[in-house]
Number of protein chains: 2
Amino acid sequence: MVAVADQLFKALADPTRRTILDELTEKSGQTLFEICSRLSMRHRLGISRQAVSQHLAVLESAGLVETRREGRYKFHDLNTAPLRHIAERWPLPDASGPEGNTP
Amino acid sequence: MVAVADQLFKALADPTRRTILDELTEKSGQTLFEICSRLSMRHRLGISRQAVSQHLAVLESAGLVETRREGRYKFHDLNTAPLRHIAERWPLPDASGPEGNTP
DNA sequence: ATGATAGGCAAGTAACCACTTGCTTGTCGA
DNA sequence: TCGACAAGCAAGTGGTTACTTGCCTATCAT
């Protein structure tokens, strides 16, 4: 459906959200507060907790982030699977060899 | 640079622009008017010529569309190379298995 | 229980973006 | 040269969105 791609690309459109994805790529399973502090420490992003929370909601609706709750903690895990949708939609020019296979 | 990715993802954020990319995937080297008529015919998109022109400008600044001028015609060619940037930034889970999740 | 910690909900605001409208430039055929 | 066609430029507008502010809920340690 179009709606899925719509959420996906809209989620990727914001630089802060992309930075969050970077952060989760490096360390998956972070809590909201952990993401907040790392964004401000490592990326010098002065951003409120609520803003990050809203960004995470957008990423989750796009399927790029999955969450699991444990007690009062909520862990956020990265899921890059939806990105495959992009590569399948517009085929890349031949790079050097077949892709999707790590030798 | 961040600015390049910024233009790229912003360009992909709009559904009309993605449809234009689809159209150019199918037939590269179209003029502005050709793209307009095909958008309205094949995709039922009632959109003005200027709107398409602005979309093409965004796509071009993102490097997804390249143009060449011949007389009074300006042809638009698709270039999916910038999309490789996405796959490199967030590595996809292994495609061999049905569901990829690192244990 | 009480205070502290982790997170959620909702409304308001300022900036951004897609689209339109109107006019202008440049190129080709008659 | 004149008219028609392809495209460019610029300002204005309505809707979207990122962010803040303020308050509320839930879980845990003491």
Side-chain angles (χ1 to χ4, degrees), chain A residues 2-3 5-24 27 29-41 43-62 64-77, chain B residues 2-3 5-24 27 29-41 43-62 64-77:
Chain A
V2 182
D6 214 57
Q7 293 290 97
L8 172 63
F9 288 106
K10 192 165 64 178
L12 292 173
D14 188 86
T16 302
R17 282 197 287 269
R18 294 196 296 271
T19 304
I20 292 177
L21 290 182
D22 292 337
E23 198 52 56
L24 289 178
K27 179 168 184 278
Q30 297 188 54
T31 67
L32 172 59
F33 272 68
E34 201 172 350
I35 294 172
C36 279
S37 70
R38 288 177 70 124
L39 281 181
S40 105
M41 291 295 149
H43 299 275
R44 295 293 186 273
L45 281 185
I47 192 174
S48 73
R49 174 182 60 88
Q50 289 81 354
V52 177
S53 178
Q54 288 167 6
H55 281 311
L56 286 171
V58 175
L59 290 169
E60 189 174 6
S61 77
L64 290 168
V65 162
E66 290 168 355
T67 60
R68 50 191 160 91
R69 188 116 205 194
E70 289 182 18
R72 59 176 160 173
Y73 298 105
K74 188 178 179 184
F75 300 104
H76 300 78
D77 297 294
Chain B
V2 181
D6 214 57
Q7 293 291 96
L8 173 62
F9 288 106
K10 190 174 298 184
L12 291 173
D14 187 85
T16 302
R17 282 196 287 269
R18 294 196 296 271
T19 304
I20 291 176
L21 290 182
D22 291 337
E23 197 54 54
L24 288 178
K27 178 167 185 280
Q30 298 187 53
T31 67
L32 172 59
F33 271 69
E34 201 172 351
I35 294 172
C36 279
S37 69
R38 288 177 70 125
L39 282 182
S40 107
M41 293 292 149
H43 300 275
R44 297 292 187 274
L45 281 185
I47 192 174
S48 72
R49 174 182 61 87
Q50 287 80 356
V52 177
S53 178
Q54 287 167 5
H55 281 311
L56 286 171
V58 174
L59 289 170
E60 188 173 7
S61 76
L64 289 168
V65 163
E66 290 169 353
T67 60
R68 53 194 158 88
R69 188 118 204 191
E70 290 181 18
R72 59 174 160 172
Y73 297 105
K74 189 177 180 186
F75 299 103
H76 300 79
D77 298 293

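To find a chain, count down the sequence lines: A is the first, B the second, and so on, and within it residues start at 1.
- A straight line from CD of B:Gln50 to P of D:dA6 spans 14 Å, rounded to a whole angstrom.
- The separation between B:Asp14 atom CG and C:dC16 atom P is 18 Å, rounded to whole Å.
- Taking atom CD of residue B:Gln54 and atom C1' of nucleotide D:dA7, one finds them 13 Å apart after rounding to whole Å.
- Checked against D:dA7, C:dG7, C:dA4, the side chain of A:Arg69 finds its nearest nucleotide in C:dG7.
- Put simply, A:Ser53 has a side-chain N or O that comes within less than 4.0 Å of OP1 or OP2 on C:dG8.
- Heavy-atom nearest nucleotides on DNA chain D were determined for A:Arg49 and for B:Thr31, and the one closer to the 5' end corresponds to B:Thr31.
- A straight line from CG of A:Leu56 to C1' of D:dA18 spans 14 Å, rounded to a whole angstrom.
- Rounded to whole Å, the distance from NZ on B:Lys74 to P on D:dG8 is 4 Å.
- What separates NE2 of B:His55 from C1' of C:dC17 is a distance of 10 Å, to the nearest Å.
- Rounding to the nearest 0.5 angstrom, the gap separating the CG atom in B:Leu39 from the CD atom in B:Glu23 is 6.0 Å.
- Between D:dG8, C:dA4, C:dC19, one nucleotide has an atom nearer to the side chain of B:Leu32 than all others, and that is D:dG8.
- Going from atom CZ of B:Arg72 over to atom P of D:dA6 covers 6 Å, rounded to whole Å.
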